[in-house]
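Notes follow once the structure below has been shown.
What you are looking at is a predicted structure, and each value in this text was computed from that prediction instead of being measured.
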Amino acid sequence: MGCITSKNLVVEDSREEDLRTKLTSCSKRETSEMNVSRLSSSKRVEGVRERDKLFDGVDMKASLLDKNASGSVLLYDYDGDQNGKKKMEKPELTILNHPGLGRIPKASEGEQVVAGWPTWLSSAAGEAIEGLIPRSANTFERFFKIGQGTYSSVYKARDLTNQKIVALKRVRFDSLDPESVKFMAREILVLRRLDHPNVIKLEGLITSQTSRSLYLVFEYMEHDLTGLSSDPDIKFSEPQIKCYMQQLLSGLDHCHSRGVLHRDIKGSNLLIDNNGILKIADWGLATFFDSHHSVPMTSRVVTLWYRPPELLLGASHYGVAVDLWSTGCILGELYSGRPILPGKTEVEQLHKIFKLCGSPSEDYWFKLRLRHSTAFRPPHHYRRCIAETFKECPSVAVKLMETLLSVEPVHRRTAATALKSEFFSSEPLACDPSTLPKYPPCKEIDSKLRDEAMKRQQEDAGGKERKVGSGVRQEKEPRAFVSSKDNTKSHIQFQQGQHLSSSKSRSGLLNPHREPVSGFLVFPHKQSEDVKERDIYFTRHSKKPSFSGPLAPGSDWEVGERPPVSNKVNLSKIPGSAASRSSLSRDQKEKPVPLWPQKPIQDGHGSRGRNIHSSGPLLVSANNMDEMLKERDRKFQEYSRRARIEKSKGEKVYAKQ
Ligand SMILES: Nc1ncnc2c1ncn2[C@@H]1O[C@H](COP(=O)(O)OP(=O)(O)OP(=O)(O)O)[C@@H](O)[C@H]1O
C-alpha cells in the first residue's frame with residue numbers, strides 16, 4: 001500500500017506485520033493525527049495490545065483502531081466528539097492483501113459458538129461471521145428452487161419475521177475441511193465489505209450449532225440479464241441498455257474502490273428485480289486485490305466466454321481490467337442478443353478474441369512475460385474489427401466497447417471512466433430503472449422448467465404424436481442454445497416462451513428438485529441430508545472438477561447456440577457467431593480444437609477423466625487456499641508444456657480455423 005498519505009484511511013488488512021511496516025513508514029505528523037481503536041468492546045484489551053504492537057515507535061496522540069466485521073482494520077479521524085471518533089464518510093482506500101480469513105482468538109471463537117455458530121465455521125472462518133448472529137431456519141418458509149449454481153442451490157423463501165420474500169443460497173462445501181469452509185466464507189467476507197444499490201445484499205446467514213450446512217440470505221431478485229436478453233420476445237431499447245450498463249458499472253466501481261474483484265461477471269450473475277434494479281450477484285470467485293498487482297492470484301477464474309486474454313494466457317498479476325473485459329462482452333451481448341465470444345476451449349477463446357480484437361503487439365507479449373504464452377500466438381496477424389462487426393450499433397456504444405475490449409488491460413481503464421464516457425452522456429440517455437417494463441419470470445431455471453414441462457407434454461402425447469408425423473414434432477422441438485449461465489452445461493430453451501399459468505402446476509413444476517431441508521418450515525427435519533449433500537459433493541468433485549467455465553478440449557461440455565435475434569446486429573459478422581447454427585445437432589457443431597493432450601492426466605486428486613483443464617478453484621483439501629491455487633497454476637504450466645509438445649499438431653488445426 002505504500003505509505004499512508006492521508007488520515008482518511010481504511011487499511012484492508014489485519015496482518016499486524018504489514019500494518020506495522022506501513023504505518024511506521026509514515027511521517028509522525030500524519031500518524032499523530034490518527035485515532036486508532038477497536039470497536040468491539042469484548043476485544044478492547046486485545047485491541048490495545050494490537051495497537052501498541054502496531055504503533056510501536058510511532059508518536060501518536062491518541063489512537064483508535066477498529067477492526068470491522070470483515071476483518072478490515074479501519075482508521076478513524078479523531079474529532080474530539082464524545083465518542084472520540086468519527087468514521088470517515090468516504091475513506092480514502094488503500095488496499096493491502098486480504099485478511100487471512102483465518103482463525104480468530106479462542107475466546108472469540110467461544111463467543112461465536114455461544115452465539116449459535118457451529119464450531120466448524122467459527123474455527124475455520126471466524127472473521128467472516130464476526131459480529132453476526134445466525135438466523136434460525138424455522139424463521140423462514142422455504143418455497144422452491146430458483147437457481148442452481150456450481151457451488152450452490154438457490155431457493156425462494158419467505159422471512160417469517162417480516163414477511164419479506166428472500167432468496168436462500170445453500171452453499172456447497174465440506175464442513176469437515178477447513179479449506180473448503182474458508183473458500184466458501186470468502187464470499188461472505190466480500191459481501192460484508194460491499195454496500196451499494198447495484199450489489200446484491202447479504203441479509204443474513206442461516207445455520208445452527210448442530211448444523212453442517214449454511215444458507216446465505218439475499219434479497220429476492222426476479223430476473224437475470226441472461227434470462228431477459230435470451231428471451232426472443234424481449235428487445236432492449238437503447239436507453240434500457242444504457243440503464244443496465246450504468247448500473248453494472250456503478251456496482252463494479254463500488255467493488256473495485258473497496259478493493260474487490262468480482263472475477264465472474266456474466267449475464268446470469270447480473271440479477272434484476274421487478275423495479276429494473278440490476279445487482280451484481282455471485283461473489284463466490286471474488287477476491288480482495290492489491291492495487292499494485294504485487295500479490296499473485298490465480299488465472300483460473302471468469303467464465304470462459306467472458307475471460308480476458310491475459311487470464312487465458314495465464315497472467316497472475318492483474319486487476320480491475322479483468323472485470324472490465326467481461327463488461328465489454330456484456331455490452332456487445334446486449335446489442336447483439338447473444339454472447340459475442342463463445343469459445344469452446346481456451347485456445348479457441350483466445351483465437352476468437354484475437355480475430356475480433358486484433359493480434360496483440362510485440363510489446364504485449366514482451367510485457368506479459370509468461371514463459372509459454374508465445375505458444376498461443378496466432379500464426380498470422382489479425383486486424384482489429386470491432387467497429388466493423390458492430391457497425392449497426394450506435395457509435396458511442398462501439399467506442400465504449402473498443403475501450404472495454406482492449407487487449408491491453410490498462411487501456412480498458414476503469415469503471416469510473418466508463419461511466420463518464422460519451423455512451424452515457426449522449427442522447428438517448430439511460431432511462432430510469434423504474435420505467436423499465438415488468439417482465440414475467442424468465443430466469444435460466446424458468447426456461448429449464450418450461451422445457452421439462454414441454455417434454456412431459458410430449459411424452460404424454462406419446463404415440464399419438466409420433467403418428468401425427470415429423471412436421472408436428474419438429475414444431476414442438478425446443479431450440480437448443482447454450483446459456484452463458486454456466487458454460488459447463490448446455491441447456492435447452494423454447495424459442496417462444498410458454499409461461500405456466502396455473503400456480504398449482506407451476507409450483508409443482510418449478511420444484512422438481514424439492515429436497516427436505518432440516519429446520520425449515522414446511523419440510524420435516526431429515527438428519528441424513530447433510531451427509532447426502534456431502535456425498536453428492538464428493539462424488540461430483542472427485543470425478544469432475546468445478547468449473548468457472550468450459551475449458552477442456554475433449555471435455556464433455558457440449559455447445560449449442562442461442563437462436564438468432566433478427567432485430568439486432570448482423571450476427572453473421574461476429575467472429576465465431578453461429579447465427580445459422582441455432583438448432584444444430586451435436587454432430588453438426590464445431591469440435592473443440594485438439595491442441596491440448598487428450599489423455600486423462602492423474603493430477604493428484606484422482607482421475608477426472610478427460611476434464612483435466614479445469615477452471616475455477618477446486619474444493620479440494622490442501623494446506624491453504626493459496627497453495628491450492630499455486631498448485632493449479634503449476635498444473636496449468638505442465639499442461640502448457642505438453643501443449644507445446646503437441647504444438648506442431650495443434651498449429652495445423654489452429655491455422656485451419
Ligand atoms: N438473490 C437472488 N434472487 C433470485 N435468484 C437468485 C438470487 N441469487 C442467486 N439466484 C439464482 O441462483 C443462481 C445461482 O446463484 P449463484 O450464481 O449465486 O450460485 P453459484 O453456485 O455461485 O453459481 P455459479 O455456478 O455461477 O458460480 C443464479 O444464477 C440466479 O438465477
Rounded to the nearest 0.5 Å, how far does [atom2] of [Y] lie from [atom1] of [X]?
| X | Y | atom1 | atom2 | value |
| --- | --- | --- | --- | --- |
| Lys182 | Leu121 | NZ | CG | 12.0 Å |
| Ile200 | Ile277 | CD1 | CD1 | 11.5 Å |
| Tyr306 | Gln349 | OH | CD | 10.0 Å |
| Cys329 | Leu341 | SG | CG | 5.0 Å |
| Lys279 | His196 | NZ | NE2 | 9.5 Å |
| Ser229 | Arg338 | OG | CZ | 11.0 Å |

Pair [X] + [Y]: basic N to acidic O under 4.0 Å:
| X | Y | result |
| --- | --- | --- |
| Arg258 | Asp195 | no |
| Arg300 | Glu346 | yes |
| Arg192 | Glu127 | no |
| Arg412 | Glu310 | yes |

State whether the side chain of [X] and the backbone N or O of [Y] hold a donor-acceptor pair below 3.5 Å, judged by distance alone.
| X | Y | value |
| --- | --- | --- |
| Ser326 | Val322 | yes |
| Trp325 | Leu404 | no |
| Ser359 | His381 | no |
| Asp264 | Trp283 | no |
| Thr403 | Lys399 | yes |

TODO: Run the numbers on Thr327 and Met245 for side-chain contact (heavy atoms from CB on, under 4.5 Å), then give the verdict.
DONE: CA-CA 8 Å; Thr327 305; Met245 285 301 295; 3.6 Å; yes
With a 4.5 Å cut-off on side-chain heavy atoms, are [Y] and [X] touching?
| X | Y | result |
| --- | --- | --- |
| Ile340 | Tyr335 | no |
| Tyr244 | Ile272 | yes |
| Ile265 | Leu324 | no |
| Ser361 | Phe366 | no |

TODO: Might you work through the side-chain contact (heavy atoms from CB on, under 4.5 Å) test for Leu202 and Leu216, ending with a clear yes or no?
DONE: CA-CA 7 Å; Leu202 178 67; Leu216 275 56; 3.8 Å; yes
Open item on the list: Between Phe183 and Tyr151, is the ring centroid distance below 6.0 Å?
Closed with: yes
TODO: For this output row, return yes or no: ring centroids of Phe289 and Tyr318 closer than 6.0 angstrom.
DONE: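 They do not qualify: ring centres at least 6.0 Å apart.
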TODO: Run the numbers on Asn198 and His254 for side-chain hydrogen bond (donor to acceptor under 3.5 Å, both in side chains), then give the verdict.
DONE: CA-CA 9 Å; Asn198 300 120; His254 171 76; over 6 Å; no
Open item on the list: Testing Leu248, Asn269, Leu194 one by one against Ile280 for a side chain to side chain contact (heavy atoms under 4.5 Å, CB included), which residue passes?
Closed with: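 It is Leu248, the one option of Leu248, Asn269, Leu194 that forms the side chain to side chain contact (heavy atoms under 4.5 Å, CB included) with Ile280.
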Task: Qualifying residue, where the test is side chain to side chain contact (heavy atoms under 4.5 Å, CB included) with Pro433 and the options are Gln247, Gln246, Gln240 - done: Gln247
Open item on the list: With a sphere of 6.0 Å drawn around CZ of Arg384, does it hold more than 12 non-hydrogen atoms of other residues, nucleotides or ligands?
Closed with: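 For Arg384, atom CZ is crowded (more than 12 foreign heavy atoms under 6.0 Å).
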